[in-house]
Amino acid sequence: MSIGKRLTAEFFGTFWLVFGGCGSAVLAAAYPDLGIGFAGVALAFGLTVVTMAYAVGHISGGHFNPAVTVGLCAGGRFPAKDVLPYVVAQVIGAIAAGGVLYLIASGKAGFDASAGFASNGYGEHSPNGYSLQAAIVAELVLTAFFLLVIHGSTDKRAPAGFGPLAIGLALTLIHLISIPVTNTSVNPARSTGVAIFQGSWALQQLWVFWLVPLIGGAIGGLIYRHLLESKD
């Protein structure tokens, strides 16, 4: 498959992840009396990955996340030369989704993106006041395990065709655990796509949600490659 088609698939996949996941948080999580809450937002993020992994995963591999791309490269599943193009396509897709979500959300009287806009944060900007240390540990561990699930469920020894389900369910679980801590990143593109429109503290804290998931993804990929992958 040409690099152009693969990057296009990554753009649309990441767009859907950010629009579906962050959109559920911004538009539906706290809707009066009928809001979907944390569990609904967590499920929405998982569903975006499942649906687009089946839709375009056969084209690009279905990363939709710079930490996944880096983790797959560290795990020996993805060529280093394609990492940067993938990351660029993912970030552009995330920002495009953030822009569309902003246009929709701003159609409601009283909307104020600076109030949060589903951005990731720590300290006073953590949903439940968790510290920078807590945010780092949560994002590191959860991203590493996310890559373990991705590597394992797509291993040649795993049952064929079920990888997207396992990966989507893993992302749902990750959100159920960490929405109160950081609003859950494990994905630098997702964090960037909404931070730009929040415009203040989210951009100042964005470094954490790039650095830590990338390190966590690389750790997960290396663990699977050296400790779990079959050498046969």
Side-chain angles (χ1 to χ4, degrees), residues 10 13-26 29 38 41-49 52 63-72 86-87 90-98 101 113 115-150 167-168 170-221:
E10 285 296 303
T14 312
F15 180 101
W16 189 236
L17 185 151
V18 174
F19 184 70
C22 294
S24 71
V26 171
F38 281 179
V41 173
L43 181 59
F45 271 100
L47 289 173
T48 64
V49 169
M52 289 309 287
H63 302 187
F64 319 142
N65 179 343
V68 171
T69 299
V70 168
L72 288 171
Y86 263 55
V87 170
Q90 291 156 1
V91 172
I92 293 173
I95 293 172
L101 179 57
F117 200 54
S119 297
N120 301 115
Y122 57 85
E124 64 179 308
H125 302 298
S126 157
N128 205 26
Y130 284 87
S131 67
L132 172 59
Q133 176 180 311
I136 289 173
V137 172
E139 291 288 331
L140 187 74
V141 171
L142 291 171
T143 311
F145 270 86
F146 190 37
L147 265 295
L148 288 178
V149 171
I150 291 170
I167 294 165
L171 190 60
T172 299
L173 175 60
I174 286 167
H175 279 78
L176 288 172
I177 294 167
S178 61
I179 286 177
V181 183
T182 62
N183 227 13
T184 308
S185 173
V186 303
N187 185 337
R190 168 262 188 270
S191 299
T192 303
V194 289
I196 285 176
F197 295 92
Q198 195 284 327
S200 56
W201 60 260
L203 287 172
Q204 295 165 12
Q205 297 190 350
L206 185 60
W207 66 273
V208 174
F209 305 106
W210 269 91
L211 180 63
V212 179
L214 290 179
I215 294 173
I219 289 172

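- Between V26 and A118 the shortest heavy-atom distance is CG2-CB, 3.8 Å.
- Here CD1 of I174 is found 11.5 Å from CD1 of I179. Values are rounded to the nearest 0.5 Å.
- Judged as a side-chain contact (heavy atoms from CB on, under 4.5 Å), and not counting sequence neighbours, the contacts of L203 are A195, I196, L206.
- Checking each of L171, N65, I167, V49 against I150 for a side chain to side chain contact (heavy atoms under 4.5 Å, CB included) leaves exactly one that passes, namely I167.
- Applying the side-chain hydrogen bond (donor to acceptor under 3.5 Å, both in side chains) test to every pair with at least one member in residues 204-215, sequence neighbours left out, gives these pairs: T192-W210.
- Between T69 atom OG1 and F64 atom CZ the span is 10.0 Å, to the nearest 0.5 Å.
- Of all the heavy atoms in A44 and G20, the pair that sits closest is CB-O, 3.9 Å.
- Taken from SG in C22 to CZ in F117, the straight-line distance is 8.0 Å, to the nearest 0.5 Å.
- Qualifying ring pair (Phe, Tyr, Trp, His ring centres under 6.0 Å) partners for F19, counting only residues two or more places apart in sequence or in other chains: F15.
- With rounding to the nearest 0.5 Å, the separation of CG in L211 from CD1 in I136 is 8.0 Å.
- With rounding to the nearest 0.5 Å, the separation of CD1 in I95 from CZ in F197 is 7.5 Å.
- Residues A29 and V41 approach most closely at CB-CG2, 3.8 Å, considering heavy atoms.
- Scanning both residues, S119 and W201, for their nearest heavy atoms gives CB-CH2, 3.8 Å.
- In this structure, the separation between CD1 on I219 and CG on L214 is 11.0 Å, given to the nearest 0.5 Å.
- Every residue meeting the ring pair (Phe, Tyr, Trp, His ring centres under 6.0 Å) condition with H63, not counting sequence neighbours, appears here in chain and number order: F78, Y86.
- Not a single ring pair (Phe, Tyr, Trp, His ring centres under 6.0 Å) links F145 to another residue, sequence neighbours left out.
- Residues in residues 122-148 take part in these side-chain hydrogen bond (donor to acceptor under 3.5 Å, both in side chains) pairs, two or more places apart or across chains: E139-T182.
- Note on residues 170-192: pairs passing ring-ring contact (aromatic ring centres under 6.0 Å, His included), not counting sequence neighbours, are F45-H175.
- For N120, the side chain to side chain donor-acceptor pair (under 3.5 Å) partners are R190, S191, not counting sequence neighbours.
- Summarising the geometry of A67 relative to V186, their closest heavy-atom pair is CB-O, 4.0 Å, with the distance given to 0.1 Å.
- Taking A94 as the reference, T14, V18, A189 meet the side-chain contact (heavy atoms from CB on, under 4.5 Å) condition, with sequence neighbours excluded.
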